[in-house]
Amino acid sequence: MFPLSIKIVACAVITLFIILSILFIILVFHKIYENSSQASVEQLKRKIQPPIFQNLFGEEEDSLKYFKKKKLFDDAILELLKEMNNQFDLNSLNITQSKTFEGYIVPAIKKRLGVQSWSKRMNTLYLIENLRLTSSWIDLWQVYHRKHISRQEQYIILRITSQANDLQVISHLMKNPPYHSVYFYKQVISKMDGQLFKHLVDQFDESPQELRISILSVIGEKRELQYLPFIENHLADQSSDIRIHALKTIRDYSYISNYEKLLPFAKSDFWIEQMIFCQIAKNMQKPEYLPELRELLTNRNWWVRYYSGEAIAHSPGGIDLLREIVLRNNDKFAQDMADQWIQRMELGL
């Protein structure tokens with residue numbers, strides 16, 4: 001007789017083997033089913049492609065009704081639509097005006113947004129975004145507020161509605177968005193048109209901190225002069241993060257209405273504000289900033305010294321000032337940085 005411990009181990013091994021075998025068989029059958037389904041989808045796509053092309057490109061043809069009852073019709077027509085959008089700009093063809101869109105594509109999209117498969121729902125949302133479909137065809141806010149919707153789906157819906165210039169997107173960003181990162185907010189608000197974005201800017205003071213930073217960043221990317229007074233007003237914001245991002249936006253503009261508005265940042269207690277001041281001074285190349293830049297060349301922070309040297313080197317009369325610093329300044333760090341920038345400019349680096 002075998003000891004009890006050996007019997008237990010043997011039973012455990014046999015049980016594990018049986019479980020793994022069952023799982024393997026399930027996976028094999030699942031793969032076979034997937035391959036068979038995909039083959040059927042590909043076959044159906046080839047059949048429905050001609051009538052879809054004819055309808056989308058202006059010819060009245062409705063033979064799709066013979067395929068609509070097929071189980072994989074929704075998968076086939078949406079996959080085909082995605083492929084066609086990669087080849088053509090379907091949005092420019094006004095596909096929403098076709099009978100195919102209203103009669104077959106919209107119902108397929110609505111069904112796919114309600115399936116259990118998360119990946120299928122996500123792919124459908126990406127398709128809606130790429131096609132630039134508006135909520136007049138599909139009530140995405142109803143989808144957004146479903147009980148078991150994922151944050152990723154909500155994120156895509158906010159991007160879609162922002163792209164469609166839906167005013168409701170602002171209230172959703174302000175109250176309870178799925179994410180609170182600057183990256184998330186930027187991805188959404190950068191898709192807004194001018195009017196909707198201006199409406200968001202008007203609510204800047206009531207916005208969450210991350211959204212405020214994102215607004216400043218997007219303004220810097222847009223570089224629209226109408227927002228310059230707004231940015232300049234926030235150079236004196238109590239929040240250091242807002243001040244810094246307002247400074248970065250001025251750096252993107254490479255312009256300010258009055259150069260003196262930047263002078264306080266040369267004496268800031270925050271080295272990053274001093275550094276950005278130097279970067280702006282380099283872009284603007286105003287000789288009025290040279291006294292402050294010369295002082296910053298003795299700053300204890302290496303980055304501040306580096307960018308102050310760069311700003312001096314690119315300012316009118318800056319090379320002569322750097323040579324003077326090398327010869328007469330008592331600060332060794334300032335002398336080294338000045339000499340470095342003289343050499344860089346001479347070598348064209």
Handout entry: Check: Gln154/Arg151 side-chain N/O donor and acceptor closer than 3.5 Å
Key = no
Handout entry: Residues Gln279 and Asn283: side-chain donor-acceptor under 3.5 angstrom
Key = no
Handout entry: Ion pair check, Arg323 and Glu346, cut-off under 4.0 Å
Key = yes
Handout entry: Pair Arg159-Tyr155, side-chain donor/acceptor within less than 3.5 Å
Key = yes
Handout entry: Mutual orientation of the aromatic rings belonging to Tyr185 and His180 [parallel < 30°, tilted 30-60°, perpendicular > 60°]
Key = perpendicular
Problem - Lys198 bridged to Asp202 by N-O distance under 4.0 Å - result: yes
Practice task
Identify the two heavy atoms, one from Gln335 and one from Asn329, that lie closest to each other, and give their separation to 0.1 Å.
Solution key: NE2-O, 2.6 Å
Practice task
Determine, for Lys186 against Glu221, whether the closest basic-nitrogen to carboxylate-oxygen distance falls under 4.0 angstrom.
Solution key: yes
Handout entry: Considering all heavy atoms, the nearest Leu296-Ala266 contact
Key = CD2-O, 3.3 Å
Handout entry: Asn299 side chain to Gln274 side chain, donor-acceptor N/O pair below 3.5 angstrom
Key = yes
Problem - Asp237/Arg212 salt bridge by N-O under 4.0 Å criterion - result: yes
Fill in the blank from the handout: What one should report as the nearest heavy-atom pair of Gly194 and Tyr227 is O-OH, 4.1 Å
Problem - Aromatic ring proximity His234/Phe230, centre distance under 6.0 Å - result: yes
Practice task
For residues 273-300, pull every pair meeting ring-ring contact (aromatic ring centres under 6.0 Å, His included), keeping only residues two or more places apart or in separate chains.
Solution key: Tyr259-Tyr289, Phe277-Tyr289
Problem - Heavy-atom donor-acceptor pair, Glu129 side chain to Ile156 backbone, under 3.5 Å - result: no
